[in-house]
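What follows is a set of notes on a single structure, which appears directly below.
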Amino acid sequence: MTQLGVNIDHIATLRQQRKIEYPSVIEAAKILKSVGIKQVTVHLREDRRHIQDKDVLDLKKINGLKLNLEMSISEEIVRFALKTKPDEVCLVPEKRQELTTEGGLDLKKNYSRIKDVVLRLKKKGICVSLFIEPNFESIKLAKELGADAVELHTGKYSLCKFGSKQYNEELKRIVDVSKFTVYQGLILNAGHGLDYKNVKPIAKIDGMGTLNIGFSIISRAVFVGFKQAVIEMKKLVTTYSRK
Ligand code: PXP
């Protein structure tokens with residue numbers, strides 16, 4: 001069944017505006033647990049614009065909530081992950097000036113570096129996922145690189161107008177690549193730009209594992225509260241999931 005993983009980076013974005021104690025990512029994680037969410041996701045960016053090292057260390061201490069750490073392949077961050085040992089790491093490309101992760105990893109260009117990082121993380125017992133564009137070549141490379149999982153970048157899909165030619169093409173691409181991912185024996189996850197309107201067709205995909213969703217949930221939380229926003233998204237994901 002498709003599961004919801006909640007990305008809480010933007011709770012930290014708000015907190016960092018004042019650099020004080022609240023809103024607390026730990027309080028958020030406890031709410032996630034209380035409504036049956038199994039995974040919390042955070043991105044420790046090199047510029048520490050939202051999540052801080054201490055947040056990751058504190059989240060790691062919460063029992064019963066899987067910690068998925070999104071991170072770049074920079075040596076400083078890799079060493080932090082090796083020491084902290086989150087349950088899962090999702091390697092992502094990172095640019096200083098971007099507002100959010102703009103594309104998938106270029107597995108060809110960074111082949112040997114990624115191979116080395118995957119190997120070191122796996123040696124510590126960490127499940128390794130690669131954030132990639134939904135295309136067949138990236139799946140083949142992810143398999144070759146020894147990844148356990150991939151997270152398909154749904155950013156392009158999420159920006160398409162519902163029902164447009166481009167929307168249908170993007171969705172078909174994700175569905176076809178998903179099938180191939182499962183066939184290759186890789187864990188299939190997806191995320192980026194998913195919201196209360198566009199999540200359904202992605203949740204429905206056969207073999208879909210976890211959908212990592214952040215911005216839309218935190219935005220809705222402003223009006224209905226965090227717990228309610230999470231419950232609503234969880235309901236959509238599980239209702240439309242292939243059982
Ligand atoms: N997955 C990855 C790899 C990401 O980098 C992000 C953004 O931090 C997300 C999922 C969540 O995207 P959004 O905040 O648009 O839901």
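The analysis underlying the following values was restricted to heavy atoms, covering all of them including side chains, and did not include hydrogens, waters or symmetry mates. Whatever order the structure lists them in is the order used to number ligands and atoms, beginning at 1. Computed from a predicted structure; not experimentally measured.
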Item to complete: Answer with yes or no whether the side chains of E144 and Y111 bring together a donor and an acceptor at under 3.5 Å.
Response: yes
Worksheet item: Any side-chain donor paired with an acceptor under 3.5 Å for Q228 and E232?
Response: yes
Worksheet entry | Aromatic ring pairing F131/H153, orientation class (parallel under 30°, perpendicular over 60°, tilted between) | parallel
Item to complete: Check whether any side-chain heavy atom of H192 sits under 4.5 Å from a side-chain heavy atom of E151, and report yes or no.
Response: no
Discussion item. Can you list every protein residue that has a heavy atom under 4.0 Å from any atom of ligand 1, sorted by chain and residue number?
Written reply: N7, D9, E70, V92, T100, T101, F131, E151, H192, G193, N212, I213, G214, F215
Item to complete: Check whether more than 12 heavy atoms from other residues, nucleotides or ligands sit under 6.0 Å from atom CZ of F215, and answer yes or no.
Response: no
Worksheet item: So, for M208 and S178, which heavy atoms are closest and what is the spacing to 0.1 Å?
Response: CE-OG, 4.2 Å
